[in-house]
Engineer: 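The following block contains the structure, expressed as structure tokens.
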Amino acid sequence: MEDELQIAMADLDEEKTLRLVKERIQAGYTSVDIIESCRRGVEIVGEKYSDNDYFLSDLIMSEEILKEVMRILEPHILVNDSKNGSMATPIVMGTIEGDIHDLGKNIIIYLLRSSGYRVYDLGVDVTPERFVQAVSETNASVLGISVLLSFCISSIKKVVDLLADAGLRDKVKIVVGGYPVNQKVKEFTGADFYANDVTEALKIYREILEQ
Ligand code: B12
């Protein structure tokens, strides 16, 4: 299905993207639907970059537009005040060592916090040792690791191995997320779940946390 917002994002047409986002909010689209259209558009930006049709400056431009989209969307994301920040189970999130992509991770964190979950954000370029330390210190029952660069995937396996060495593996569910993740990545790293879109990510977190 042709999606005007996805195309505007892929074309890096900031004005049109932001106008369409505002129109869709007015028309009652959910934040998740709007984010997904933008994510698919940005995926095309990545493909064009791989094909040498776009340059690094275009990746940076897509980042700027996506941040602007989130600024517009945030006030419209429903916050569950009754549970805000009070959910007992902490979640740890971060982007794996060597990788500084954080737009997707930040969106997931924002949506989880809006649903009342307590999330510790370790930021980007997080070493395996730091992930393990954070799980141990916070008693987290879910660890979310974001990865966008394929060559950083092996460091996620290291996190899983170190958690096992520390006797923490059974205490925490590990979710990997990001553009290159799939069933094979889940199996290779030893993670429990994977998600590369916002709907699947939220579904997994709810399943784990509402058990
Ligand atoms: C924007 C962008 C950048 C920005 C990042 C800005 C930022 N603050 O994040 C900048 C310009 C800095 C950048 C830099 C680079 N980038 Co870049 N970048 C992208 C681009 C176009 C979009 C990424 C993005 O934000 N998508 C939008 C978000 C919403 O989607 P998402 O990240 O997938 O997240 C969603 C889901 O995956 C999921 N999710 C994400 N994390 C998590 C975590 C958990 C736990 C869960 C459950 C779910 C989840 O939920 C999110 C919401 O839907 C991608 C293309 C692509 N296809 O992804 C390339 C891409 C990732 N980049 C790439 C490359 C090569 C680079 C550079 C090496 C370029 C260079 N020559 O310097 C550097 C690397 C820097 C580094 N060390 O990390 C390649 C990676 C190729 C590969 N296979 O490894 C890609 C795929 C482009 C391409 N096709 O070539 N990049």
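Ligands are counted one by one from 1 in listed order, and the atoms in each one are counted from 1 as well.
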Engineer: Under a 4.0 Å threshold between the charged nitrogen and the carboxylate oxygen, would Asp121 count as salt-bridged to Arg113?
Structural biologist: no
Engineer: Can you tell whether the side chains of Glu43 and Arg40 come within less than 4.0 Å, N to carboxylate O?
Structural biologist: no
Engineer: Which protein residues have a heavy atom closer than 4.0 Å to any atom of ligand 1, listed by chain and number?
Structural biologist: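 Heavy-atom contacts below 4.0 Å: Glu36, Arg39, Val42, Glu43, Gly46, Tyr49, Ser50, Leu56, Leu59, Ile60, Ser62, Glu63, Leu66, Met93, Gly98, Asp99, Ile100, His101, Asp102, Leu103, Gly104, Lys105, Ile107, Ile108, Gly144, Ile145, Ser146, Leu148, Leu149, Ser150, Val175, Gly177, Gly178, Tyr179, Ala195, Asn196, Asp197, Val198, Ala201, Tyr205.
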Engineer: Would you say the side chains of Glu129 and Gln133 form a donor-acceptor pair under 3.5 Å?
Structural biologist: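 No donor-acceptor contact under 3.5 Å links the two side chains.
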Engineer: Listed by chain and number, what are the salt bridge (Lys or Arg N to Asp or Glu O under 4.0 Å) partners of Glu97, not counting sequence neighbours?
Structural biologist: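 Here no residue qualifies.
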Engineer: Test question: given the 4.5 Å side-chain rule for I, L, V, M, F, W and Y, name all other residues clustered with Phe55, or answer none.
Structural biologist: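 Members alongside Phe55: none; it stands by itself.
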Engineer: Which other residues belong to the hydrophobic cluster containing Tyr179, where Ile, Leu, Val, Met, Phe, Trp and Tyr are joined when side-chain heavy atoms lie under 4.5 Å apart, directly or via other members?
Structural biologist: Leu148
